[in-house]
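Quick note: numbers below take in every heavy atom, side chains included, and nothing from hydrogens, waters or symmetry partners.
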Amino acid sequence: MKVDFGLRYSASLSFLILSAISARAQTITVDTASDVTDFGGAQQVANLPGPDGKVSLAEAGLASDNTPGVQTIAFHVPQSEWTYQWLYPGRAVLQPFLGFRVFDTVVLDATTQTAFTGDTNPAGGEVVIWAQTYLVNNIGSTLRGFDNTQISVSGGSANVIQGNTQSSIDVYDSAFTVVGGANPGEGNTGGTIKIDRSSNNVVIGNTVQRVRVLGWIAGGQPAANVRIGGPSLGERNYITGYGTWSEGCPGGTTVQIFDSIGVVVENNWIGTTPDGMSQGSLASTAGVGFEGENYNTIIRNNRIAGILGHGTGPHCVGWLVGAAISVYGTGSGISIVGNAIGLNANNEPLLGSVTGIETSNYYLGPIQNVVIGGSGPGDANEIAGHLGAGVSVSNTYAGVRVAGNSIHDNGGLGIDLITNGFLTGVTPNDPLDVDTGGNGLQNFPVIQSLTSTATTLRIVGTLNSSVSSSFAIEFFASPQADASGFGEGEVYLGSTNLSTNASGGRRQRRRRDLLHGEDQQPGLRASDRFERNALARRRQPVRDRGRERAKREERTLVLRRERTRRFAVPRRHALHAAADPTHDGPELRRLAAFDAGLLGDLQLRLRCVVRVGQGPGAGARRRRRRSVLVARSGEFVGRRTDRRARVHRHAVSGRAARPFERSFTSATRHYRSDRRTESER
C-alpha cells in the first residue's frame with residue numbers, strides 16, 4: 001500500500017498558510033519565565049499584556065486560542081529569569097501549572113529564543129517546558145526548537161513536530177502528522193516517538209532511542225499507513241536502541257509494531273550508534289519486533305545491528321539475548337527485504353544478535369505470508385555475524401519464504417527449522433518428507449558429485465521430498481565449507497525448478513523466465529551488469545533407436561558479463577543448494593553444502609546449463625540435439641546447435657526423488673568482491 005504523504009501534507013499546509021494570511025497572523029512573544037495569568041477582557045492578543053506588563057506562556061496560549069487566525073508564539077525570556085541552571089544550564093525553564101495546552105492552530109517556535117539570547121545550549125534548544133505540552137485537536141500546528149520537553153499531539157491532523165532535542169513525542173489519534181523532517185535541523189532527538197492509534201503519519205530524520213507504532217485493531221483503531229524513514233538519506237532515522245533491566249534481565253524493543261496495517265520501515269539504522277559502528281543499547285533484545293495483529297508490513301533497506309541484551313545480576317549474569325527482527329503475533333503479509341542485519345557501517349559482521357531473524361510462536365498465530373528476501377533486484381538481505389542461526393523458523397510456521405539472501409559468518413545454521421519438540425540444528429531428511437515442524441521441516445537437496453575443469457563447474461544431486469510437488473532449488477557459494485556440513489550460502493548463484501509426480505518420475509513441463517539487467521544481490525559489484533535469458537526447447541519428436549519419443553525439455557541460463565576479467569577463486573570454498581516447494585505457497589529453502597575442492601583460476605564469463613535426469617532407476621541413456629537461441633539486450637543474435645550423448649545414472653529406493661544437475665561454465669564473480677555501499681542500498 002502506498003500513500004503520498006508529502007502531497008497531502010503540502011496541500012494542508014498551503015491551505016493553512018492562506019488562512020493565516022487572510023486572518024492577519026500575529027506573533028505573541030513570551031517574555032517571562034513566571035506562570036502568571038493576569039490579563040482580562042476577551043483574553044485575546046489585543047488584551048496583552050496584563051497589569052504586570054509581561055506575557056507568560058499560559059497567557060500566550062489563551063490569547064492564541066481566543067484570537068481568530070494562526071498565531072506564532074515566540075520566546076524572548078531574559079536570562080535574568082532563567083532558573084534551574086544546575087539542571088538545564090543555558091536554557092530558559094518554563095513551568096506552566098498542570099502542563100501547557102493549546103487547542104487552536106498555532107506555531108510554537110522556540111528557535112526565537114536562540115535568536116534572542118544566542119546559542120547558549122550548543123547541545124540543543126534554549127527553551128525547556130518542564131511539564132507535559134499538549135497540542136489538542138490542532139490542525140496544521142507546528143512545534144519546533146524545544147529541549148527536554150515531553151510533547152503530546154492529541155486529535156487534529158497535519159501537525160508538524162520538528163527540531164526538538166532530548167524530547168519524547170507522543171502522537172495520539174492525529175492523522176497526517178509529520179515527526180521530524182528531511183532537511184538539516186528538522187529531525188528530533190531524544191527518547192521515544194510513539195504513534196498511538198494514528199494513521200498516515202511520517203517519522204523521518206530523527207535520532208531517538210525508540211519508535212513505537214501502537215494501534216487497536218479490535219477496537220477499530222489500527223495504526224495504519226505509518227512510514228518510518230524513507231528512501232532518501234535525509235529521511236533516515238537513527239534509532240539507537242531501547243531496553244531496561246528487570247532484576248538483571250534485559251528486555252526492550254527498539255522499533256515496536258503492534259496492531260498495525262501497512263506500516264513501512266525503510267532505510268533506518270536500528271540498534272547502533274549514529275555512526276553505525278557500535279551497539280546503541282546493552283538492554284535491547286529486539287531490533288524490529290512484531291506484536292499483536294499486523295498486516296502488510298514492509299521492513300526494507302534498513303541496517304539492523306547491535307541488538308544483543310547483556311544480562312547482569314542478580315539473576316541474569318552472563319546472559320546474551322536478542323534478535324535483530326522478531327516476528328511474533330498474528331496477521332499476514334510481512335516482507336523483509338534488502339536489509340543488512342548484523343553488519344556495522346563498514347559491512348563487517350561484528351554487531352550480530354543471537355539470532356538474525358526469528359519467528360516465535362503465539363497462541364493466536366502464526367503470522368501468515370512471511371517473506372524474507374527474494375530474487376528481484378535489491379530484495380536479498382545480508383544476514384551475518386550472529387551467535388546462533390541466521391534465520392530461525394518456529395515449529396508452528398508453515399509458509400515462511402526465505403530466498404536469495406546472503407547468509408554467512410553466523411555461529412549456527414544459516415536457516416534453522418525448529419521441530420515440534422523444539423529441537424534446533426540439522427534435521428535429517430526423511431522419506432517423502434512427511435515430518436512436521438517449522439515449514440514442514442522441508443527436506444534439503446543432496447549434492448552427490450561435483451566436477452570441475454578450467455572452465456566448467458558441474459553439480460549433480462538429488463532432492464527427496466513429497467510427491468506431485470514443485471520445487472525451486474537455489475545454488476549458493478561460500479569462501480569455505482561450513483563445519484556442520486550444511487552451509488549458509490554467502491553468494492547467490494541462481495536457481496532452477498523441479499517437479500515430482502506420484503512415483504518420483506518425469507518432470508513436469510514448465511517455462512522458466514528470468515530477468516536481465518543489473519544484478520543487485522549482496523556481494524556483487526554495482527558495475528557488474530549481467531544479461532539473463534531463459535531459453536527452453538519446445539517439445540518435438542526425436543528418433544532414438546528407431547522409436548519416436550517426446551524429447552525432454554532443457555533449460556539454459558546464460559549469464560554474460562559485459563567486461564571479462566580473471567580473478568583467483570579461493571582454493572577451498574563451498575557450494576550449496578536449497579530447495580523450496582512451490583505447490584502450496586511460499587516455503588523455506590533448506591541448505592546443503594558440498595566441498596568444491598581445488599578450482600584454480602576461472603574466467604568471469606558465465607554460462608549455466610541446467611539438465612534434469614529422467615528419474616530414478618538403474619540408469620538412462622539419452623541423446624539430444626540442443627538448439628540455443630542467444631539474445632543480447634533483448635535482440636536476437638544467433639543460433640547454435642550441437643549434438644551430445646550423455647549417460648546419467650541415479651537410483652533411489654522407495655522415494656519420490658528428482659535428480660538435478662547444473663553446470664557453471666566459469667564463475668559468477670570473485671567470491672570476495674565488494675559488498676554494496678550505503679549509496680547503493
Side-chain angles (χ1 to χ4, degrees), residues 209-211 238-245 248-257 265 268-273 275-291 299-312 316 318-328 334 336-361 370 372-373 380-394 397 400 402 405-418 424-425 438 488-490 522:
Q209 297 175 352
R210 176 192 186 201
V211 174
Y238 297 91
I239 311 172
T240 59
Y242 169 83
T244 59
W245 285 269
C249 301
T253 302
T254 297
V255 177
Q256 183 181 25
I257 303 174
V265 182
N268 305 284
W269 285 15
I270 300 171
T272 72
T273 51
D275 62 3
M277 297 302 293
S278 302
Q279 184 173 354
S281 169
L282 294 178
S284 181
T285 54
V288 177
F290 292 89
E291 301 176 41
I299 310 298
R300 178 172 58 210
N301 294 342
N302 303 280
R303 183 177 301 281
I304 308 172
I307 304 297
L308 188 63
H310 288 63
T312 63
C316 299
W319 276 27
L320 294 175
V321 187
I325 299 177
S326 175
V327 180
Y328 178 76
I334 306 297
I336 303 171
V337 295
N339 302 282
I341 301 174
L343 296 96
N344 63 18
N346 292 335
N347 286 322
E348 299 166 324
L350 302 177
L351 294 177
S353 307
V354 173
T355 306
I357 302 174
E358 71 172 8
T359 59
S360 301
N361 294 333
V370 178
I372 302 172
N381 302 284
E382 186 168 7
I383 307 169
H386 304 284
L387 300 177
V391 178
S392 174
V393 182
S394 291
Y397 286 77
V400 181
V402 183
N405 302 286
S406 174
I407 306 177
H408 60 93
D409 291 308
N410 298 291
L413 295 178
I415 303 170
D416 198 350
L417 305 185
I418 311 302
T424 61
E488 296 183 273
E490 182 171 356

As a test of understanding, state which of Leu351, Ile341, Leu343 forms a side chain to side chain contact (heavy atoms under 4.5 Å, CB included) with Arg303.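 Exactly one option meets the side chain to side chain contact (heavy atoms under 4.5 Å, CB included) with Arg303, and it is Leu343.
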Option passing side chain to side chain contact (heavy atoms under 4.5 Å, CB included) with Glu488 (candidates Leu413, Ile407, Ile383):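 Answer to the side chain to side chain contact (heavy atoms under 4.5 Å, CB included) test with Glu488 among Leu413, Ile407, Ile383: Ile407.
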Which value, rounded to the nearest 0.5 Å, describes the distance between Ile325 atom CD1 and Ser353 atom OG?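 Answer rounded to 0.5 Å: 9.5 Å.
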Measuring from Glu291:CD to Gln256:CD, what's the distance to the nearest 0.5 Å?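 If we round to the nearest 0.5 Å, Glu291:CD and Gln256:CD are 4.5 Å apart.
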[X] versus [Y]: any side-chain heavy-atom pair under 4.5 Å?
{"X": "Ile299", "Y": "Phe290", "result": "yes"}
{"X": "Val265", "Y": "Ile270", "result": "yes"}
{"X": "Thr240", "Y": "Thr273", "result": "no"}
{"X": "Thr312", "Y": "Leu282", "result": "no"}
{"X": "Leu308", "Y": "Leu387", "result": "yes"}

Atom of [X], atom of [Y] and distance for their closest heavy-atom approach:
{"X": "Pro349", "Y": "Asp409", "answer": "CG-OD2, 3.9 Å"}
{"X": "His408", "Y": "Ser406", "answer": "CD2-OG, 3.4 Å"}
{"X": "Ile372", "Y": "Asn405", "answer": "O-ND2, 3.0 Å"}
{"X": "Tyr328", "Y": "Asn361", "answer": "CE1-O, 2.9 Å"}
{"X": "Ala283", "Y": "Pro250", "answer": "O-CB, 3.7 Å"}
{"X": "Asn344", "Y": "Met277", "answer": "ND2-CE, 3.8 Å"}

Distance-only, no hydrogens or angles: does the [X] side chain make a donor-acceptor pair with backbone N or O of [Y] under 3.5 Å?
{"X": "Thr272", "Y": "Gln279", "result": "no"}
{"X": "Thr359", "Y": "Ser394", "result": "yes"}
{"X": "Trp245", "Y": "His310", "result": "yes"}
{"X": "Ser284", "Y": "Ile307", "result": "no"}
{"X": "Tyr397", "Y": "Ser360", "result": "yes"}
{"X": "His386", "Y": "Gly352", "result": "no"}

Among Asn339, Asn302, Thr254, Asn301, find the one that has a side chain to side chain donor-acceptor pair (under 3.5 Å) with Asn268.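 Among Asn339, Asn302, Thr254, Asn301, the one that satisfies the side chain to side chain donor-acceptor pair (under 3.5 Å) with Asn268 is Asn302.
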